[in-house]
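One structure is given below, encoded as structure tokens.
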Amino acid sequence: QLISNKDTYADPAILYVKNTSNYHASNNIVYLYYDNHGAEDVLEIRGGQFAYMPLVTENNMFAYTSTADTVVEYMVVGTEA
């Protein structure tokens, strides 16, 4: 799932992301990655957790989950480019 399109926001932009699922040791995990970093995960969020992180606005940010039906809540705070 595309979270943030590259060049949509000017620097600095901040991403808020929350995993709305219940905590589980091995399921309901949200992973975030940039499309040009060899698809290496840059953030892991377990059920019930949230995070704020600065975005690299020159790259697309994507999310995927370890379990189907995991809901990812997110918002980008910044100035549109």
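Along the sequence shown, residues are numbered consecutively beginning with 1. Because the structure is a prediction, the values reported are computed rather than measured.
- Placement of M61 and Y74 within a single hydrophobic cluster is found when ILVMFWY residues are connected by side-chain heavy-atom separations under 4.5 Å, directly or transitively.
- Nearest heavy atoms, S66 versus S26: OG-O, 4.2 Å.
- To the nearest 0.5 angstrom, D41 atom CG is 12.5 Å from Y34 atom OH.
- V17 and M75 are not part of a single hydrophobic cluster, where members link through side-chain heavy atoms under 4.5 Å apart.
- A tilted orientation is assigned to the rings of Y16 and F50, their planes being inclined by 30° to 60°.
- In this structure a side-chain-to-backbone donor-acceptor pair under 3.5 Å is present from N28 to N22.
- Between T57 atom OG1 and N5 atom CG the span is 12.0 Å, to the nearest 0.5 Å.
- Atom CG in N19 sits 8.5 Å away from atom CD1 in I29 (nearest 0.5 Å).
- Using modelled atom types, no side-chain atom of S21 and backbone atom of T70 make a donor-acceptor pair closer than 3.5 Å.
- Note that CD of Q1 is 10.5 Å distant from CG of L32, once rounded to the nearest 0.5 Å.
- Linking Ile, Leu, Val, Met, Phe, Trp and Tyr whenever their side-chain heavy atoms come within less than 4.5 Å leaves L55 and Y52 in two separate clusters.
- Taken from CZ in F62 to CG in L2, the straight-line distance is 4.5 Å, to the nearest 0.5 Å.
- Sorted by first then second residue, the salt bridge (Lys or Arg N to Asp or Glu O under 4.0 Å) pairs that include residues 7-32, not counting sequence neighbours, number zero.
- When all heavy atoms are compared, the tightest approach of M53 to L43 is SD-CD2, 3.6 Å.
- The CZ atom of R46 sits 10.0 Å away from atom NE2 of H24, with the distance rounded to the nearest 0.5 Å.
- Proximity of V72 to T65: side-chain heavy atoms (C-beta onward) are separated by under 4.5 Å at one or more points.
- Note on I3: it clusters hydrophobically with V30, by side-chain heavy-atom contacts below 4.5 Å among ILVMFWY residues.
- Taking each heavy atom of Q49 and E44 in turn, the nearest pair found is OE1-O, 4.5 Å.
- Crowding of E80 atom CD: a count of heavy atoms from other residues, nucleotides or ligands under 6.0 Å not exceeding 12.
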